[in-house]
Peer 1: 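What follows is a single structure, and I will ask about it in a moment.
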Amino acid sequence: MSTEDRPPAPRSLAEALRARGDAALGSLLRSRPDLITPVPTDLTQLATRAGTRASVVRALERLDRFALQTAEALAVAADPATYGELLGLMAGDDADPAVVAALPHAVDLLREQALVWGDDDRLRLVRTARELLAPSPQHPSPTGLGPTVQEATAGMSPGRIQEIVTAAGLASTHDSVSAVTALAGLFTDRARMTALLADAPADSLDVLERLVWGPPYGQVTHDPAPRLRWLLDRGLLLPTTPGTVVLPREVALHLRRGLAHRAPEPVPPVVETAAVHRPQVVDSAAAGQAYTALATVEELLKDWDEGGPAVLRAGGLSVRDLKRTAVALDVPEPAAAFWVELAYAAGLIASDGEADERYAATPAYDEWLEQPPAERWSRLVTAWLAATRTAGLVGGRDAKDRTLSALGPGLDRSAAPEVRHRVLALLAGLPEGAAPAAGTVLARLRWERPLRGDRREDDLRGRLAEWALSEAELLGVTGRGALSAQGRALLGAPAAPVPGPEGEPSGPGDKLPVHHHHRPTPLAPLSPAEQAVASAAAARLLAPLLPEPLDHVLLQADLTAVAPGPLQRPLADMLGVLADVESKGGATVYRFTPGSVRRALDAGQAASDLHAFLAAHSRTPVPQPLAYLIDDVARRHGHLRVGAASAYVRCDDDAVLSEILADKRAAGLGLRRLAPTVLAAQADPAGLLEGLRAMGFAPAAESAEGDVLITRALAHRTPPRTAPEPVPDGPPVPDDTLLAAALRAIRAGDLASTTPRKPGTAPAGNGELPRTGAAETLATMQAAVLTGEALWIGYVNAEGAASQRVIAPVRVEGGFVTAYDHTADEVRTYPLHRITGVAELADDAD
């Protein structure tokens, strides 16, 4: 393309955006969705919004390390800078080939993000980004560079500048501006600078060496040492404030051989493999852990079935209740916090909203229990992927130094879903069965999203990644540290890369120091619809790997039953009432006790029912001691009756009541005889039942009608509750429909605001709406109907939103104008009273 044919260089970011096609603009709006919240009226407003501090900070924080280093280099380069100058700052005098290869992509990324605009011969960093990244005493640059010679000498006296120029071997000039320019020219001339420094004392060079990579500031006394005096006299160090000197940027770049950064990082760190297992071993281990996860959540909800812990006044679980939950689940407290938060995120538990507020299972829990195990697992992991609540923070402190509690406020971290997804995506990029070295995963994430400024947030991001790895293992998304097949499907990931010969394991569990140098294809987070499809696919892969529930147990003579695997739900529920769990593991051991048998009888079972149940579900004969235990408890069960008086006890055998009255342990119950077969008590019925049972009796509760109450554990449920909504990390990425509508509106508004008008008919170049009287507006509209010409109008809709439009009037009648709207590309009708004014377009307007 000749110079004459080349389009003119953009003079502003708005012009640069105006030259983009819809695909490029759409890419910008997807990567920076805050720019269309709300939709800007035209490209000028879009460019203005793209340059605001909040939006620029957000965009900078989402750059990878090399793209951010490129932006930092542009901030210390001339404005505008050429691509060659930028390449020199990034690659140095040695022209690092890796930097040379990666820099075009980094510049294109900065352009796409609207942080840089202009052609390669005039690259401009947006002003706000330059202000954020350029060196200043208050905000040092990550490059470690200081101010330029011109900036450092801004307040220096002309006489002192002339002294420096002369000491540096330059000819004196007639004014300070030319003197500073000559000094800067000396410092940027490699040959002359080399000659100047060749005469420098060795200890003076040591001073420069200490300042060259930053910070560039140093302290001096009012009478500097000779090594400092030599540097000050020649401008190699320049005073800034009394007692402080700075190394000028040009001098530092010469000493650095042109590099803006000490260590440019054009290539992301490699995710190294710490161990390699057979894929079948990984999938089986993950499936086993997935089953354990389901069992753990069920056990948690079963423990809270009749109403769980009380809700703290400030919200959440108390430390004591979390410890109790950890003991009940037989897990550490951090793991207990994770399971509680996971059940909450999945909508399975919530607060009941009563006056005495407690946590309890939701109606959704009963629906979840009826689903097949693989689908239940899929629901849990889908909730985990999207949850912003972060269980790892439990026990820490918030900004006001208050303890963060499980299920309490302050646990949301909007970055959590993105970090989880990215961690799993990095694992998906490894060959099947490969478990990564955790440190290399963290290093990769820090390269992809280097955080600036707040080191606490930087530390949080690393902790989020560590928690993601451990939680994925707890849930069975990974097995032995490697991503399972069902975990890969959960991400919608393609088949894993095949490992090379160096990555072949010699057996399950072999640990090899394998390094995979491929870069995995980035996996974008899925939309809700896509995630539902991926979760269903993961469930289908997991289902065959889960153990089949058993319909039997093994009864033993020591009053125990062994379940050699997972039990079918009706069997497990009944056995949970009839016996106490003694130990868990590959096999669950249940123990029968008088209390557990009485619990089954209280639930409405007869002794014959219990005998039949055990005989039907035991692969071994029912041991005689167990049969005797059931019969003995059943014989005494219900002999005593307890009702509400405050409470009373009645028994047909008055000798039993006399025995109770004579027992010293009954003193606290406040008993007195009302009749030969009735005792009244000051204790409530529940306390009376417990007291008599503690004395060795087996009373049964009865209703006001005298019927035995069947004390089944009634499941306490909250009212219908929705799962907590994740806290978004900024505005959501627009979908295709919203994006197309936004682009159309922006293009339309831009057309209206940039279409040339006839001189004298509208404000020139100030973006204001045209203003004309009602009579002039009507006359101009009617004339345009006859001539077929297009007009520029200002319009205010019913909501009060003003816009500019280009229309071709077709008909004017009844206070309305019907016209073809060029900005909307359709025929529309507008009330004349909402048109603020009208202006004719220039004859050469398109």
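Starting from 1, each residue takes its place in the sequence as its number.
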Peer 1: Apply side chain to side chain donor-acceptor pair (under 3.5 Å) to residues R358 and S351 and explain how you reach the verdict.
Peer 2: CA-CA 6 Å; R358 308 186 77 82; S351 62; over 6 Å; no

Peer 1: Let me confirm one number: the OG-CD distance from S27 to Q113, rounded to the nearest 0.5 Å.
Peer 2: 7.5 Å

Peer 1: Could you pull out every donor-acceptor pair under 3.5 Å between side chains of residues 326-348 and any protein atom, sequence neighbours left out?
Peer 2:
residue	atom	partner	partner atom	Å
E341	OE1	R389	NE	2.7
E341	OE2	R389	NH2	2.9
E341	OE2	L407	N	2.6

Peer 1: Kindly give the heavy-atom pair with the smallest separation between Y365 and K302, and that separation in Å.
Peer 2: OH-N, 4.2 Å

Peer 1: For A50 and V56, which heavy atoms make the closest approach, and how far apart are they?
Peer 2: O-CG2, 3.3 Å

Peer 1: Could you work out, with salt bridge (charged side-chain N to carboxylate O under 4.0 Å, His left out) as the rule, every residue matching D321, not counting sequence neighbours?
Peer 2: R324

Peer 1: Quick one: do the R49 and S55 side chains pair a donor with an acceptor below 3.5 Å?
Peer 2: no

Peer 1: Report the C-alpha distance between L427 and L469 in whole Å, list the side-chain angles of each, state the deciding distance to 0.1 Å, and finish with yes or no for side chain to side chain contact (heavy atoms under 4.5 Å, CB included).
Peer 2: CA-CA 10 Å; L427 269 61; L469 287 170; 4.1 Å; yes

Peer 1: Apply side chain to side chain contact (heavy atoms under 4.5 Å, CB included) to residues L426 and R422 and explain how you reach the verdict.
Peer 2: CA-CA 6 Å; L426 290 175; R422 189 62 193 128; 3.4 Å; yes

Peer 1: Could you give the distance from CD (E432) to CZ (R278), rounded to the nearest 0.5 Å?
Peer 2: 13.0 Å

Peer 1: Taking the side chain as every heavy atom from C-beta outward, state whether L28 and R20 have any atom pair closer than 4.5 Å.
Peer 2: yes

Peer 1: Dump the intermediate steps for side chain to side chain contact (heavy atoms under 4.5 Å, CB included) on L110 and L63, then the final yes or no.
Peer 2: CA-CA 9 Å; L110 293 174; L63 295 177; 3.7 Å; yes

Peer 1: Considering non-hydrogen atoms only, spot the tightest contact between V733 and P33 and give its length.
Peer 2: CA-CB, 4.2 Å

Peer 1: With rounding to the nearest 0.5 angstrom, report the CG to CG distance, L526 to L491.
Peer 2: 7.5 Å

Peer 1: Heavy atoms, side chains only, cut-off 4.5 Å: are L43 and R747 in contact?
Peer 2: yes

Peer 1: Does a side-chain N-to-carboxylate-O contact under 4.0 Å join R461 and E418?
Peer 2: yes

Peer 1: Give the minimum heavy-atom separation between A374 and A539, together with the two atoms involved.
Peer 2: CB-O, 3.3 Å

Peer 1: Hey, does T70 have a side-chain heavy atom less than 4.5 Å from the side chain of V116?
Peer 2: no

Peer 1: How far apart are the closest heavy atoms of L109 and D64, and which atoms are they?
Peer 2: CD2-OD2, 4.2 Å

Peer 1: Who passes side-chain contact (heavy atoms from CB on, under 4.5 Å) against R721, sequence neighbours left out?
Peer 2: A350, T362, T718, P719

Peer 1: Please check this pair: side chain of E375 against backbone of P372, looking for a donor-acceptor N/O pair closer than 3.5 Å.
Peer 2: no

Peer 1: Drop me the distance from W447's CH2 to L68's CG, to the nearest 0.5 angstrom.
Peer 2: 11.0 Å

Peer 1: If you compare all heavy atoms of P436 against all heavy atoms of G481, which two are closest, and at what distance to 0.1 Å?
Peer 2: CD-O, 3.3 Å

Peer 1: As an exercise, state the distance from OG of S484 to CG of L542, rounded to the nearest 0.5 Å.
Peer 2: 8.0 Å

